2 protein chains.
Amino acid sequence: MSHTAGIRQNQKLKTRQALLDAALLLLEHQSLSSLGLREVTRAAGVTPTAFYRHFADTAALGVALVEETLGSLHGLIAAVLAETGDSQERVDRSVEVIARHVGAQPAHFRFIAREQHGGVGPVREAIAAQLFRFAEEVACALGQEPGSAGWSEEDLLMLGGFYVDHMVMTASALLDAGPENERAVVRQARRRLRLVSIGRAHWLDEAPARDGELDEAPARD
Amino acid sequence: MSHTAGIRQNQKLKTRQALLDAALLLLEHQSLSSLGLREVTRAAGVTPTAFYRHFADTAALGVALVEETLGSLHGLIAAVLAETGDSQERVDRSVEVIARHVGAQPAHFRFIAREQHGGVGPVREAIAAQLFRFAEEVACALGQEPGSAGWSEEDLLMLGGFYVDHMVMTASALLDAGPENERAVVRQARRRLRLVSIGRAHWLDEAPARDGELDEAPARD
DNA sequence: CAATTCAGTGAACACTCGTACTCCGAACGG
DNA sequence: CCGTTCGGAGTACGAGTGTTCACTGAATTG
């Protein structure tokens, strides 16, 4: 009933995808808040009124784009982290996977990087929610490693979020750099991740606790 | 001749500032690419045509905003890093300074975070240039510390850039979180910085070199 | 004290925009 | 097979946009 063809529903999905693709193409050189409804439909080859059959706003279209881009990525990083090998090897693999995905779908990631802090509220929230899910997944994967013995859940989530944020940072750096500087960006991203890995290995050595105390009595002025 | 009052030039600067302020106010809820010229002049209390006496584009206005926000910050972080104290103390101070500045001028930093990867090319480039200058300054400050013995210039710049990127990340996290969660964000930012500091202290211990080799022979597939 | 510069005005231009209508015709369900 | 559903087309409207042009009048200059 739901997954059968249905000529009509099929065509609807087709033009919906055409709208998404056209929007993504236009968003390569502008941001969502300046993207016009008519502009999208013109690029997609349909009339402006047809847009309303699929999305209420350009904001709704943006949310759909977020899920198209990030929704299919869940479990990927966690899978990479769950692989065998020492820490440096896994760092290299992670960066490689990111670089490959960004290289394969530049427009999608440019959109995410641009709208993560963009002017459209719902889209920002959708991206934040997806990235938080990533952070949780990474934290969970990290927690199952032997190297995470003695780590609190909060610290694991902190580390997972750090990795995710760094991933996004690297992705947008790759996009800003262009193919000729890709090597240098990858090289630097690896080093930063390695720095974090080293810090992680020695995390429990120095000044582990007593953080809350400092937190509760900060210099007010 | 140049720095004397001049009633006329004074008034011109005044309305220029009015335009900048009005724009910043409007940019709190939208991004630059969707900011209209008329919208700005209306909020500033001048006619649309008066805009052209000060800026060619809204893009040019954006660049001016970038320099207003980031231009006055140079040397600040470097000064903090040059202070006395152990590494953890400096980390706390840095985060505190960032939080204070973001709290004092939220709109400015929201603008920077939003337009860093936004849809307006010249503004993106202006922000990137300023942030790179920050990275250089931080790297320079780090290089003069005893703890940086044996570090290559490239690694220092990597670390400086990392700190700067983290600063921007923290700033936008503070803005996204709102005052009620500010504590938690500050707490997490501190921990991340501490993680990096620990990694920095042990950077030269493990697998320092042979990075170039791996770089030249990456897995092509 | 003229002459001139120039920041800001006000009206008009030719657009694009989002949205509300009516209408068509192919796919659908009984 | 026939009535219904519904994705999409076409038209029209009011509002808002960037930019132009000739202008005014106070500050500046010699």
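Numbers restart at 1 for each chain; the letters A, B, ... are given by sequence-line order, proteins then strands. What you are looking at is a predicted structure, and each value in this text was computed from that prediction instead of being measured.
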Spacing of CD1 belonging to Ile127(A) relative to CG belonging to Leu70(A), to within rounding of 0.5 Å
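Spacing of CD1 (Ile127(A)) from CG (Leu70(A)) equals 7.0 Å.
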In Å, rounded to the nearest 0.5 Å, how long is the span from CD1 of Ile98(B) to CZ of Phe109(B)?
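Reported value, rounded in 0.5 Å steps: 8.5 Å.
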Terminal contacting nucleotides, 5' and 3', DNA chain D versus chain A (heavy atom, 4.0 Å)
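Taking any atom under 4.0 Å from a heavy atom of chain A, the span is dT5(D) to dA12(D).
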I'd like to check the side chain to side chain contact (heavy atoms under 4.5 Å, CB included) partners of Thr47(B); sequence neighbours left out, ordered by chain and number.
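With sequence neighbours excluded, Thr47(B) shows a side chain to side chain contact (heavy atoms under 4.5 Å, CB included) to Thr49(B), Ala50(B), given in chain and number order.
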Is the shortest distance from a Lys or Arg side-chain nitrogen in Arg200(B) or Glu145(B) to a carboxylate oxygen in the other one below 4.0 Å?
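The answer is yes: the pair qualifies as a salt bridge.
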Does a salt bridge link Arg190(B) with Glu96(B), judged by any charged N lying under 4.0 Å from a carboxylate O?
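Looking at Arg190(B) and Glu96(B), the cut-off is not met.
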Take the protein atom CG of Leu19(B) and the nucleotide atom P of dA7(C), then report the distance between them rounded to whole Å.
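After rounding, the gap between these two atoms is 13 Å.
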Rounded to whole angstroms, how far apart are CG on Asn10(A) and P on dA27(C)?
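Distance, rounded to whole Å: 12 Å.
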Does any pair with a residue in residues 61-84 of chain A pass salt bridge (charged side-chain N to carboxylate O under 4.0 Å, His left out), and if so which ones, sequence neighbours excluded?
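Of all non-adjacent pairs touching residues 61-84 of chain A, those that pass salt bridge (charged side-chain N to carboxylate O under 4.0 Å, His left out) are Glu83(A)-Arg93(A).
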Has Glu180(B) got more than 12 heavy atoms of other residues, nucleotides or ligands less than 6.0 Å from its CD?
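Enclosed: over 12 neighbouring heavy atoms sit under 6.0 Å from CD of Glu180(B).
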Run through Leu156(B), Leu157(B), Asp155(B) and flag the one making a side-chain contact (heavy atoms from CB on, under 4.5 Å) with Leu142(B).
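One option only clears the test, and that one is Leu156(B).
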Enumerate the protein-to-nucleotides 17-22 of chain C contacts in which both atoms are nitrogen or oxygen and the separation is below 3.5 Å.
unit_1	atom_1	unit_2	atom_2	d
dC17(C)	OP2	Arg42(A)	NH2	2.4
dG18(C)	OP1	Leu37(A)	N	2.5
dG18(C)	OP2	Leu37(A)	N	3.1
dG18(C)	OP2	Arg38(A)	N	2.9
dG18(C)	N7	Arg38(A)	NH1	2.4
dG18(C)	O6	Arg38(A)	NH1	2.7
dT19(C)	OP2	Tyr52(A)	OH	2.8
dT19(C)	O5'	Tyr52(A)	OH	3.3
dT19(C)	O4	Arg38(A)	NH1	3.3

Between the protein and nucleotides 28-30 of chain C, list the N/O to N/O atom pairs that are separated by less than 3.5 angstrom.
unit_1	atom_1	unit_2	atom_2	d
dC28(C)	OP1	Ile7(A)	N	2.7
dC28(C)	OP1	Arg8(A)	N	3.0

Not counting sequence neighbours, list each pair that qualifies as a side-chain hydrogen bond (donor to acceptor under 3.5 Å, both in side chains) and has a residue in residues 109-131 of chain A.
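The answer is His74(A)-Gln130(A).
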Should the pair Phe162(B) and His166(A) be assigned to parallel (<30°), tilted (30 to 60°) or perpendicular (>60°) ring geometry?
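Rings of Phe162(B) and His166(A): perpendicular, over 60°.
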